[in-house]
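These notes concern the structure reproduced below.
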Amino acid sequence: MPDPRPRPRHGGTLRFYGPGGLDHLDPAAAYYAFSHQVIRLFARQLFSYPTTEDARALVPIPDVAAELPTVANGGLSADGRRYTLRLRDGVYWDTSPHRAVTAADFVRGFKRMANPVAGAGALAYYTSTIVGMAQFAEGYRARFAGRTPTAAELADYQNGHHIAGLRAVDDRTLVIELRRPANDLLNLLAMPFASAAPHEYDQLVPDSPEFVGQVRSNGPYRITSYVPGSHLTMAHNPAWRPDADPIRRRYVDRIDVRMARVSDERVRDEIASGRADLSWGAAVGRPRRRTEADRNLGWALNPYLVFNLNSPREAGALRRREVRLAIAYAIDKARLVRFFDDMGIGTVTRPAHGVIPPGNVGHRDYDPYPTPGDRGDRARCRRLLAEAGYPHGLTLTMIYRIDAVHGQVAKAIAEDLAAGGIDCRLVEIDQTDEYYRILQDPKRAAAGEWDITPAAFMPDWFGNNGRSYVQPMFQSNTAVGTANYGGYHNPLVDDLIDRALSAPNEDSAAALWHQVDRQVLADVAIVPILVCEPTIEHLTSARVRDAIPLPHVDRWYDAANLWLDPPD
């Protein structure tokens, strides 16, 4: 019987439009879903997630690696601590002439994660797993403490120092030695942080303006222009070979992203009229349809209130647990649910009580600071402030990002805090990339650029993902690029994280992850506000075909696998 499905058409320009931005374009630093959509098109990893609507979408498969490592094929040692990964043939950089991607390029990529200029937000994934990477990262940071290094100095450090657990045996073979067995290693290797990096990057400061102009691609598309907060364009990479890429396709000729401070309604109008094909940053969608992959998705913490524990404002008031607890009691969580419901995009949102949301390893239902109906208790906030020595209240700076409903959420939180005796100076950050640059820079926190912010966090992968929720947010990490935005530090939590990573099975690990949850909330390190199912089905124009959501990037569509009819 002939296949009734239409054959994909090639050609055309895929047009995105909306208020979103990239936190970073450099794979060594990028941690935001919008960035991952773009990086997937030009930077490849050893393993990646396939584009499919079934549960296979949650499991990494070989990308540049030639095969899954097993004990039988010699890719995995019997004790689970050594991986020998062979690279597939036919993967090239868009250099002139085209040059093969090598094992040394992946070693360079791992080293670049630890750079002190724009490092990886989840660096602890790798420093706690790969032999010698923690020492390499600590030395890298210490070498340039207190000053901004040049590209030549960064390259000199990277090329002159080795990570004991990473070795390029030859151009086609990479050996990774682990501190402990890690049954989620393939998930770590599938993150954009772990992308290969060509030797040309030795001439560039990570994520600098100069980097933007010299990005090299080994994927189906390459960057042709990028102005942060304004636009990004991509075109075919002539070095890419479809027979050497099991993950991506390349149907459209060009990709055009227009970034603008516009409302969700304006984005909907652009898509409905055909002037845009997909939303960029705006959470506009249609009633949700569940796929097989959705059944195992973990919920997101969106938003949660982050405290800058290093802020000097009000004589360091936020360093006092009593002050943070007062703020926690002030927030009317139930009221905030309606902002997400009003978007009409089919998500399920409800008040959060714990640090680890439902569907993620370590979640348990409990509420350490309950209020009737989750409506908060402003009178209790005032009493706690007075007991902490602030009977006349506080003045704090809250930063927030402009996209989606974050402005409404920030203003509502500010109203709650005002009713509890806390005056908030609201600062709108009109570019998402700048918002995350502020949060990921401990120096800017210490300088008091912000005190509180309603941020969001979703797991980097699903299933066995205790590491992915807890470690980036709560393990001590003061390096540039950190996802521990507030500078939270508790040796007990660090120890619990290490024990969970070494646990003999998932059940044992889950109990330890939940202990972290309880300790973080006992410390009032953050205020969980809402949890959301990350299952938006985004709008598309009438000509978009085969738009398949990617669970690990908040269900945004894979631009490499969809096509247009008509192309233009």
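Values below: all heavy atoms of this structure, side chains included; hydrogens, waters and symmetry mates excluded. Please read these numbers as outputs of a predicted model, since none were measured by experiment.
Note on D460 versus R467: no salt bridge recorded, every NZ/NE/NH1/NH2 to OD/OE distance being 4.0 Å or above. By the 4.0 Å N-to-carboxylate-O rule, R248 lies close enough to D63 to be salt-bridged with it. Using a cutoff of 4.0 Å between basic side-chain nitrogens and carboxylate oxygens, R15 and D256 are not scored as salt-bridged. One finds a salt bridge joining D202 and R108 here, because a Lys/Arg side-chain nitrogen approaches an Asp/Glu carboxylate oxygen to under 4.0 Å. A salt bridge does not link E449 to R437: none of the charged side-chain nitrogens sits closer than 4.0 Å to a carboxylate oxygen. Here D568 pairs with R543 in a salt bridge; the nearest charged N to carboxylate O distance falls below 4.0 Å.
Checked against the 6.0 Å centroid criterion, the rings of F106 and F110 do not qualify as a close aromatic pair. Aromatic pair Y226/H231: ring centres not closer than 6.0 Å.
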(request) Starting from the C-alpha separation in whole Å, work towards a yes-or-no answer on salt bridge (charged side-chain N to carboxylate O under 4.0 Å, His left out) for R112 and D26. (result) CA-CA 10 Å; R112 292 184 79 250; D26 191 331; 2.6 Å; yes
(request) Report the C-alpha distance between R275 and Y17 in whole Å, list the side-chain angles of each, state the deciding distance to 0.1 Å, and finish with yes or no for side chain to side chain contact (heavy atoms under 4.5 Å, CB included). (result) CA-CA 9 Å; R275 291 187 297 270; Y17 180 69; over 6 Å; no
(request) Start with the C-alpha gap between D441 and K443, add the side-chain angles, then the distance that decides, and say whether salt bridge (charged side-chain N to carboxylate O under 4.0 Å, His left out) holds. (result) CA-CA 5 Å; D441 189 341; K443 290 181 181 178; over 6 Å; no
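Using the six-membered ring where Trp is involved, Y436 and Y32 have ring planes that are tilted, between 30° and 60° apart. Taking the six-membered ring where tryptophan is involved, the planes of Y157 and H161 are essentially parallel, since the angle between them stays under 30° and well short of 60°.
Between P116 and L154 there is a side-chain heavy-atom pair separated by less than 4.5 Å.
Residues N484 and T482 have side chains that never bring a donor and an acceptor to within less than 3.5 angstrom of each other. Side-chain N/O atoms of D558 and N561 include a donor and acceptor closer than 3.5 Å. Using modelled atom types, one finds no donor on one side chain facing an acceptor on the other under 3.5 Å when comparing D171 with T102. A donor-acceptor contact closer than 3.5 angstrom links the side chains of D23 and S35. The closest side-chain donor-acceptor pair between S195 and Q45 falls under 3.5 angstrom. For the residue pair T95 / E200, no side-chain donor-acceptor distance below 3.5 Å is found, with atom types taken as modelled.
With hydrogens and angles ignored, the 3.5 Å screen pairs a side-chain donor or acceptor of R81 with a backbone N or O of L178.
The number of heavy atoms from other shown groups lying within 6.0 Å of CZ (R82) does not exceed 12.
Counting all heavy atoms, side chain and backbone alike, M191 lies closest to Y126 at CB-OH, 3.5 Å.
Here the rule is ring-ring contact (aromatic ring centres under 6.0 Å, His included) with W461, and of Y469, Y49, Y125 only Y125 fits it.
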